[in-house]
Amino acid sequence: MENPSADIPDSPLFKRRTLLRGGAVAGLASLVPVYSAFGASHAAGPGGPEPSAEKLLLTKFTDPLRIPRVLRPVERGDYDELTVRMRTADVRVHSDMPAVRMWTYEGSYPGPTIETVRGRRLRIAWENELTGTVPVTAVDFGAPGGPSPDPLSNYPGTAGCQEVPGVAGLKPWAAVHLHGMLTGGGNDGWMENLLAPGDVQLSAYPNDQSATALWYHDHTHHVSRFSVYAGLAGLFVCRDEEEQALDLPRGRHEVPLVLSDRNFDLDASGALTGRLVHKVEMVNTKLMRTHAAPYTLVNGVIWPYLEVDARWYRLRIANAANSRIYRLMLLADGRPVPGALKVIGTDQGLLDAPLAVEGALNLSPGERADVLVDFSAFRGQAVKLVNTMEGVPPGTSSTRNDLLEPDVMQFRVADRKRAGRSTAPPEVLSSTFERITHHDLPHDAAPRWVVLVGPGAANVPELWEMEEVMEADAAGITLPAAGIVQVKDSDGTLTTLRRTAMDYDDGRTFTVAHDSVEVWKYLNLAASPHPMHIHLAHFQVLSRDNYDVTGFDRTVRGTARPVAFVKAAELEPHERGEKDVIRVGTAGEIRLGPNGTPGELVTVAVRFPVTGRGVHHCHMLEHEQHMVRPLVVGPADHLHAGHQH
């Protein structure tokens, strides 16, 4: 995790390639889980697949995009009801390879899109009909006792890898989490309230929040990185009157795009078998580089194509990958089209006005974006959605860029405009959305500090909960000291923080008053970004700031000198609305300047409208079991009752 050379494009490790079949680059599985390629990108002719290349093993843009079927609940008086079954199924992900055995919702990957209406309370019976053991081969390619010769490599098959013990026999226990739904802790899919095969999880959802796209997935403690990878994920769409009154694309012109990445085993002849392979690098038995696979799936199809009319489309994009951050750009004639993607909504609903994406749309695991695209500008063309690396111009002719520009999908645009309405997005979207600023916060709101740190003594990434130390007490601390972090902000104010909890079962817990607004400050001292998710809450991002973190002593695990403000950073369009996941750390390649590794401080204003026991954690599933802490939300009078004793 903390080997910076593995992430510097000019380092010898970066230039080294693992070759497979005719010298193909097998992909990247680096510390920053942003990019993974298998082979080079090729320009596609209009209306056809890309040229077949043996090194790709699969031909791109061969299969049409699959649209998940829609499930709508049944009205039962004051409630709507729905039953969703978890089933083991064989799923076709590419026409040139065998079907893939997966754990699914209702027999498909992703599961069906559940569509509801705001204000209709919802009860879902999640029935566990899964069979067998987890249909995933889990391996690591790290050399025992130290880093592998090429920590950037990822490739199909398991050659040269070791099996990860304890995974092959995992039984199909489950815990369904409707990510982003504001519901009490008892219905949130608590990760330790496991559902055995044959049992039912009964969850009640108030379903009273703005129109948006949520998603549901397995949240079984310790093993969600395998159960979600096995296929347990699906989209959830909520409608409301405000959204319905807008003249937005709908029907077949509103398209869900659930993004993920997968790897597969090979048979003796080198052909893909369809067996899922979860491959990471583990160093010294524990340190895990996050998962990055060579094949990108959209709605469960590898590199699909979609035939579109020359008109506006609405794309509901969700990043359901284990750890990959997607940096999405639209390419026409091999060149990026700035502003082609227009964000109209974020994790938790519509913005007040559309915002054009001039660079890349960066979506980390768990994030969603509601996007409009006008395909009338590309009549008769095949345009691509690609996942690229920050700082590398897409479409340029270079071997390095070919490696860093893995394709996501292709849009084949009709050569003439169809009859019917297709209007530009309205200038005003949500009249109810209000952007929160620092001035809107309670004056007595003390911040919660969460510090994200690279591997420590246990050789795993860490999430530290902190408390502020009074100035008089801080004067008596000799620095560096374990668990002590000093921060100097833009005003020069010095804050001393002391670690209070780190492990999941540490006794202290964040307790939060129901209906309160809190300020959470996420400080990233690690070399990789972390998407942070808070259950039982929604938030808005107030600011993103760059910090010099070279004062952090990675051996002592404390600051020798304060981490210091460098400059304010811009929020991206999809970060300016209501959220439930926020990336803390740069989405692109790591840059080591003269002052060392950059850090980030992200400040969010969090609202807690529901009660119960929840968690907050990193949504990189390979980090989740290490970077997770409980929180409790309750009525204020209950939280403070008896404190005088």
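Position 1 is the first residue of the sequence; numbering continues from there. Every value quoted in this text rests on a predicted model; they were computed, and no experiment measured them.
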**Study point:** Donor + acceptor pair across side chains of Q348, S210 (<3.5 Å)
**Key:** no

**Study point:** Side-chain ion pair, R118 and E243, N-O less than 4.0 Å
**Key:** no

Exercise for review: Return yes if some donor-acceptor pair links the side-chain N/O of N319 with the main-chain N/O of L363 below 3.5 Å, else return no.
Suggested key: yes

Practice item. Inspect the contact between R121 and D80 and indicate whether a charged nitrogen and a carboxylate oxygen are less than 4.0 angstrom apart. Key: no

Review point. With a 4.0 Å cut-off, would you call R368 and D580 a salt bridge?
Key: yes

Exercise for review: Give a yes or no on whether the backbone of L82 and the side-chain of R72 come within a donor-acceptor separation of less than 3.5 Å.
Suggested key: no

Check your understanding: Are any of the side-chain heavy atoms of V373 and L341 separated by less than 4.5 Å?
Key -> yes

Point to revise | Full working for side chain to side chain donor-acceptor pair (under 3.5 Å) between H538 and E578 | key: CA-CA 7 Å; H538 290 176; E578 292 288 327; 4.5 Å; no

Exercise for review: Nearest 0.5 Å please: distance from the CZ atom of R85 over to the CD atom of E106.
Suggested key: 4.0 Å

Review point. Is it true that E115 and R239 have a side-chain N and a carboxylate O under 4.0 angstrom from each other?
Key: yes

**Study point:** Residues R275, D265: salt bridge by 4.0 Å N-O rule
**Key:** no

Review point. Is a donor on one side and an acceptor on the other found under 3.5 Å between the side chain of D240 and the backbone of A211?
Key: yes

Practice item. Evaluate side chain to side chain donor-acceptor pair (under 3.5 Å) for E127 paired with T83, printing each intermediate quantity in order. Key: CA-CA 7 Å; E127 297 185 350; T83 297; 4.7 Å; no

Check your understanding: Is a donor on one side and an acceptor on the other found under 3.5 Å between the side chain of R412 and the backbone of A382?
Key -> no

Check your understanding: Looking only at atom types and distance, does a side-chain atom of R92 sit under 3.5 Å from a main-chain N or O of M97, one as donor and one as acceptor?
Key -> yes

Check your understanding: Are any of the side-chain nitrogens in R314 or D370 under 4.0 Å away from the carboxylate oxygens of its partner?
Key -> yes

Practice item. Look up atom CZ in R87 and atom OG in S108, then write down how far apart they are to the nearest 0.5 Å. Key: 9.0 Å

**Study point:** Validation row, ring centre W303 to ring centre Y295 under 6.0 Å
**Key:** yes

Practice item. Could you tell me whether R583 and E367 have a side-chain N and a carboxylate O separated by less than 4.0 Å? Key: no

Practice item. Could you tell me if the ring centre of H619 sits under 6.0 Å from that of H179? Key: yes

Exercise for review: Give, for atom OH of Y326 and atom OG1 of T388, the distance between the pair rounded to the nearest 0.5 Å.
Suggested key: 13.5 Å

Check your understanding: Does the ring pair (Phe, Tyr, Trp, His ring centres under 6.0 Å) test come out yes or no for H623 and H530, once each step is laid out?
Key -> CA-CA 9 Å; H623 287 177; H530 296 280; 5.0 Å; yes

Check your understanding: Would Y504 and H617 count as a ring pair (Phe, Tyr, Trp, His ring centres under 6.0 Å) if you check the C-alpha gap in whole Å, the side-chain angles of each, and the deciding distance to 0.1 Å?
Key -> CA-CA 10 Å; Y504 174 66; H617 61 86; over 10 Å; no

**Study point:** Derivation of the side chain to side chain donor-acceptor pair (under 3.5 Å) call for D63 and S95
**Key:** CA-CA 7 Å; D63 299 300; S95 56; 2.9 Å; yes

Review point. Counting heavy atoms not belonging to D78, are there more than 12 under 6.0 Å from its CG?
Key: no

Exercise for review: Please test N322 against E622 for side chain to side chain contact (heavy atoms under 4.5 Å, CB included), starting from the C-alpha separation and ending with a verdict.
Suggested key: CA-CA 7 Å; N322 273 34; E622 282 71 40; 2.8 Å; yes

Check your understanding: Does the pair Q410 and K60 meet the rule for a side chain to side chain contact (heavy atoms under 4.5 Å, CB included), with working shown?
Key -> CA-CA 9 Å; Q410 182 191 68; K60 294 183 178 180; over 6 Å; no

Revision key, fill the gap. Taking every heavy atom of F61 against every heavy atom of P304, the minimum-distance pair comes out as CD2-O, 3.6 Å

Practice item. Might you work through the side chain to side chain donor-acceptor pair (under 3.5 Å) test for R262 and Y109, ending with a clear yes or no? Key: CA-CA 12 Å; R262 294 292 186 272; Y109 175 72; 3.1 Å; yes

Check your understanding: L257 versus M409: any side-chain heavy-atom pair under 4.5 Å?
Key -> yes

Review point. What closest approach, in Å, do F411 and V308 show between heavy atoms, and which atom pair accounts for it?
Key: CD2-CG1, 3.9 Å

Point to revise | Non-hydrogen atoms of L232 and Y105 that approach each other most closely | key: C-CE1, 3.2 Å

**Study point:** Nearest-0.5 Å distance, CD of residue E281 to CG of residue D140
**Key:** 8.0 Å

Review point. Heavy-atom distance under 4.5 Å between the side chains of T220 and L194, does that happen here?
Key: yes

Exercise for review: List the steps and the verdict of side chain to side chain contact (heavy atoms under 4.5 Å, CB included) for L259 and V298.
Suggested key: CA-CA 5 Å; L259 309 182; V298 187; 3.9 Å; yes

Practice item. Return the minimal non-hydrogen interatomic distance between A233 and W215, and the atom names on each side. Key: CB-CZ3, 4.0 Å

Check your understanding: Quick one: does N128's side chain have a donor or acceptor within less than 3.5 Å of a partner on L195's backbone?
Key -> yes

Review point. Between Y313 and R252, does a side chain to side chain contact (heavy atoms under 4.5 Å, CB included) hold up when you go through it step by step?
Key: CA-CA 9 Å; Y313 273 72; R252 65 187 183 87; 4.1 Å; yes

Review point. Going by heavy atoms in the side chains, are N207 and F236 under 4.5 Å from each other?
Key: yes

Point to revise | Distance (rounded to the nearest 0.5 Å) between R324 CZ and S260 OG | key: 10.0 Å

Review point. Is there a side-chain contact between M532 and L463, using heavy atoms and a 4.5 Å cut-off?
Key: yes

Review point. Do the side chain of H177 and the main chain of D188 share a donor and acceptor less than 3.5 angstrom apart?
Key: yes

Study note, to complete from the structure: Closest heavy-atom pair, G107 versus V91, reported as atoms and distance to 0.1 Å, is O-CG2, 4.3 Å

Exercise for review: Compute the centroid of each ring, for F226 and then for H278, and state whether the two points are separated by less than 6.0 Å.
Suggested key: yes

Check your understanding: If we only count heavy atoms from C-beta on, is the T133 to V167 side-chain gap below 4.5 Å?
Key -> no

Study note, to complete from the structure: CG of L214 to CG of D347, rounded to nearest 0.5 Å, is 9.0 Å

Exercise for review: Could you pull out the closest heavy-atom pair between L71 and P112, with the gap in Å?
Suggested key: CD1-CG, 3.4 Å

Review point. Does the separation of the ring centres of H535 and H219 fall below 6.0 angstrom?
Key: yes

Check your understanding: Counting distance only, does the side-chain N/O of Y229 pair as donor-acceptor with the main-chain N or O of V277 below 3.5 Å?
Key -> yes

Check your understanding: Do the side chain of D503 and the main chain of D505 share a donor and acceptor less than 3.5 angstrom apart?
Key -> no

Check your understanding: Side-chain contact, heavy-atom cut-off 4.5 Å: L178 with S203?
Key -> no

Check your understanding: Do the side chains of I534 and L631 get nearer than 4.5 Å, heavy atoms only?
Key -> yes

Check your understanding: Has K279 got its NZ or CZ under 6.0 Å from the middle of the six-membered ring of Y155, at an angle within 45 degrees of the ring axis?
Key -> yes

Review point. Side chain of K384, backbone of V386: donor and acceptor closer than 3.5 Å?
Key: no

